[in-house]
Amino acid sequence: MPDLAQAREKMVERQIAARGIHDAPLLDAMRAVPREEFIPHHLIEFAYEDSPLPIEADQTISQPYIVALMIEAAGVAPGDKVLEIGAGSGYAAAIMGKVADHVVSIERHHELAALAAERMRRLGYANVRIVEGDGTEGCPAEAPFDAIIAAASGPSVPDILKAQLKIGGRLVMPLGEPHSVQTLVKVTRRGEDDYDMENLGGVRFVPLIGAYGWQDHRAETAPKTLPQMIADAAEPLPNFDHPDFSALFDRYADAKVILLGEASHGTSEFYKARAAISRRLIERHGFNIVAVEADWPDAATIDRYVRRRPARRGEERAFQRFPTWMWRNTDVDDFIRWLRTHNDGRVPEDKVSFRGLDLYNMNGSIRAVIGYLEDVDPEAAQLARERYNCLMPYSRNPAAYGAMAITEGYARCEDEVVRMLKELQQSRAEYVGIDDGDEFLDAAANARLVKNAEAYYRVMYRGAAESWNLRDTHMFETLCQLLDAKGPDAKAIVWAHNSHIGNAAATEMGVVREELNIGQLCREKFGKQAVLLGFGTHSGTVAAADDWDAPMKVKTVRPALGGSYEDMSHKAGLSRFLLDLRGLGAELKAALDEPRLQRFIGVIYRPETERWSHYSEAVMPRQFDGWVWFDETNAVKPLPGEQKPGEDETYPFGL
Ligand code: SAH
């Protein structure tokens, strides 16, 4: 049995106080009332979880935070007389009994009213009276009240209840349809016929059923749809800069590798979310590598900036080639500036590095290897130049290399690039003494990249699956080498597209096309120590091109296709949420655990052919450990062309 007193204390700190509830008598009451006494026995281990729980008569006990929020909003204070509608378990009534002088709480279900009354007796809450009946009519016999709280959602605030408030009294209740997102409102009685109404935000409650509530009793018993179940399990996400946003991801922080996805390469919210989560993982949980789906030599330029290492001779500005907006955008810019500040004042071993896993900038890597050798071994630099020359005729059009390899029947440059890598690795001992090992690591990664890129362009001609697998294997191996180089305390955050991160074995990619990806390889190597998070959206705008190498446009994202995971998430009715796929209830897990369409927008978006070019099937609970949802999203903003005046000349996004 867990230590419940300790769990209660933690609940008050983390779920209530940390979210901004500061009312001292209320916090004391929450510390005192044993929630475990108000729930069915078999759920006791969940008594202090941050969620509502099922109770008898198909009803729920509210999430502790919601109880606190409503009581604080209603301004319940010592000396008050309070009316509650919907006693349910009696938990909220007991809390109010600790704060106020007198509480009347009405419950329409006989079974619940009897249980709650018995609890009040047993636990000694003598000032709480449980009444069986229809609470929408209030309790005229005991009116007026200082505060009235309804724990069930009705169509409107009944006048008969408003009339039972004292002048200055407050009523808090949810309004809206059953099983959808409702609005919590607060009504204050200013004078005899003068009421103010305030909106306190989105909530979800069971229906208020009665003379002045909903009439239809079936509202309570209709089976839930998938969107309703998603809505029940989803945890709403606050703004990016609110500490609660990233704190929701603490549950994943024990992992060795956390992979943060995206459903497009051009959506601002995905980048902002990843930045916020990464900042927290770095500041609080010891993550020390950020590895992104970007070219190694370009990311190396950023890495030098964030760790204040000197630039390499002749180094180009980062991410000058298509698709520039994927990394040259204001959200990435904010993050790398933050990372630089975070690193400042830390010893080199403690600085967080920024790395690229991808292999498209072969020329950049060739230049980097030669540049490195020029410093440490000019003779080897000359040899490298000659060997890499083999690839030069194709540098502008690497696909032509693949075509040539097919027609000639052999790989003209393969031996050269493999030898280059081997010899560089063999010279390790000799070269490493010259600097701190960081430069060698960079050069070796570049030489490995050239070797893999040579193979990539060659097989690209033969088949998409083969080149895809080569690319993702390269990304995975690069990640493993980064982890190895950092030693046993290494912890990495990966930013890449959902198609790279969601376990390919659980999608059409793996099942139909035999494609694997970095998410799957991480799952196989690290097991639960790899956390795969997918990000999705319903509609809005996205930065993308019509074709490869075509200019960026801001395009409208079509509303999600009916029946897709996106459609189900949209219909859940929450604007942004985290769905923790590791802790799903059995019913929701079963409902999600069948193939559905999922949308993948890359750097190219073709809304006209969306179903065929951008959707494919996946089984989400096997694909991801969590699903992060932003219902409406916006295109990233590319960085302006000019350098800001006075910008540090090491700034990697300059021109
Ligand atoms: N405050 C409760 C939450 C109860 S859930 C707790 O802390 O556990 C809402 C309750 O409202 C349900 O038990 C439901 O049966 C009850 N309810 C719905 N309509 C009602 C009405 N018209 N009068 C009284 N209770 C009602």
Side-chain angles (χ1 to χ4, degrees), residues 11 16 26 29-30 33-40 43 46-49 51-71 73-74 76 82-100 103-120 123 125 128-140 147-158 160-161 164 171-179 182 184 203-221 232:
M11 177 273 282
I16 315 291
L26 171 57
M30 306 253 347
V33 176
R35 193 168 184 252
E36 65 273 20
E37 297 287 348
F38 292 81
I39 58 177
L43 294 177
F46 305 110
Y48 294 101
E49 295 281 289
S51 66
L53 293 170
I55 57 172
E56 298 76 6
D58 261 339
Q59 301 300 317
T60 53
I61 176 171
S62 307
Q63 177 192 11
Y65 170 64
I66 287 290
V67 172
L69 180 77
M70 291 179 83
I71 297 175
V76 174
V82 183
L83 172 68
E84 185 190 30
I85 297 150
S89 65
Y91 175 68
I95 303 267
M96 290 191 282
K98 284 266 169 202
V99 177
V103 178
V104 181
S105 183
I106 311 177
E107 171 55 51
R108 64 183 280 269
H109 280 289
H110 170 74
E111 182 190 5
L112 293 176
L115 270 169
E118 196 274 321
R119 284 178 183 130
M120 299 306 150
L123 300 171
Y125 299 110
V128 181
R129 190 158 78 84
I130 305 288
V131 177
E132 185 182 332
D134 177 4
T136 62
E137 297 177 26
C139 185
I148 300 179
I149 284 182
S153 178
S156 60
V157 183
I160 187 169
L161 287 182
Q164 291 175 36
L171 178 153
V172 173
M173 83 177 276
L175 295 182
E177 301 272 340
H179 298 314
Q182 303 135 2
L184 192 65
V203 286
R204 299 182 63 83
F205 279 87
V206 298
L208 181 71
I209 293 171
Y212 301 95
W214 302 103
Q215 309 299 310
D216 189 356
H217 291 222
R218 280 169 307 174
E220 262 188 324
T221 49
D232 288 347

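In listed order, ligands and their atoms are each counted from 1. Numbers for residues simply follow the sequence, beginning at 1. Treat the numbers as computed from the prediction; the structure is a model and nothing was measured.
At under 3.5 Å, not a single nitrogen or oxygen of Leu208, backbone or side chain, sits near a nitrogen or oxygen of ligand 1. In terms of polar-atom proximity, Ala92 is counted as a contact of ligand 1, with an N or O under 3.5 Å from an N or O of the ligand. Polar contact with ligand 1: present for Gly135 (N/O pair, distance under 3.5 Å).
Partners of Glu137 by side chain to side chain donor-acceptor pair (under 3.5 Å), not counting sequence neighbours: none found. Residues satisfying the side chain to side chain donor-acceptor pair (under 3.5 Å) criterion with Glu107, sequence neighbours excluded, are absent altogether.
With ligand atoms numbered from 1 in the order given, ligand 1 contributes 5 (S), 9 (C) to contacts under 4.0 Å with heavy atoms of Val206. Atoms of ligand 1 found under 4.0 Å from any heavy atom of Tyr91 (numbered from 1 in listed order, with element): 7 (O). Interface atoms of ligand 1 facing Ala87, defined by a heavy-atom separation under 4.0 Å, are 1 (N), 2 (C), 6 (C), 8 (O). Interface of Glu84 with ligand 1, defined as ligand atoms under 4.0 Å from a residue heavy atom, comprises 1 (N). For ligand 1, the atoms closer than 4.0 angstrom to any heavy atom of Glu107 are 10 (C), 11 (O), 12 (C), 13 (O), 14 (C), 15 (O), 16 (C), 24 (C), 25 (N). Near His109, meaning under 4.0 Å from one of its heavy atoms, ligand 1 places the atoms 15 (O). Residue Ile61 has at least one heavy-atom neighbour below 4.0 Å for each of these atoms of ligand 1: 8 (O). Atoms of ligand 1 lying under 4.0 Å from any heavy atom of Ser62, numbered from 1 in the order shown and given with element: 3 (C).
Nearest-heavy-atom check against atom 18 (C) of ligand 1 across Gly133, Ser153, Gly213, Pro207 picks out Pro207. Of the candidates Met70, Arg35, Arg108, Arg108 brings a heavy atom nearest to atom 17 (N) of ligand 1.
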Using side chain to side chain contact (heavy atoms under 4.5 Å, CB included), reason through Met70 and Phe205 one step at a time and then give a plain yes or no. CA-CA 12 Å; Met70 291 179 83; Phe205 279 87; 3.4 Å; yes
For a side chain to side chain contact (heavy atoms under 4.5 Å, CB included) check, start with the C-alpha distance between Ile160 and Tyr212, then their side-chain angles and the critical distance, and finish with the verdict. CA-CA 9 Å; Ile160 187 169; Tyr212 301 95; 3.9 Å; yes
Go through it in stages, so that I can follow the logic: the residues are Glu37 and Tyr91, the test is side-chain hydrogen bond (donor to acceptor under 3.5 Å, both in side chains), and I'd like the CA-CA distance, side-chain angles, deciding distance and then a yes or no. CA-CA 9 Å; Glu37 297 287 348; Tyr91 175 68; over 6 Å; no
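Remark: side-chain polar atoms of Arg108 are not paired, donor with acceptor, to backbone N or O of Gly86 under 3.5 angstrom. With hydrogens and angles disregarded, no donor-acceptor distance shorter than 3.5 Å links the side chain of Ser89 to the backbone of Ile39. The main-chain N or O of His109 is never found under 3.5 Å from a side-chain atom of Glu111 such that the two would form a donor-acceptor pair.
By the 4.0 Å heavy-atom criterion, Val67 is excluded from the residues contacting ligand 1.
Across Ile16, Ile95, Val67, a single residue satisfies side chain to side chain contact (heavy atoms under 4.5 Å, CB included) together with Leu26, and that is Ile95.
Looking at Leu112 against ligand 1, only its side chain comes within 4.0 Å, counting heavy atoms.
Residue Phe38 places its CZ atom among more than 12 non-hydrogen atoms of other residues, nucleotides or ligands, all under 6.0 Å distant.
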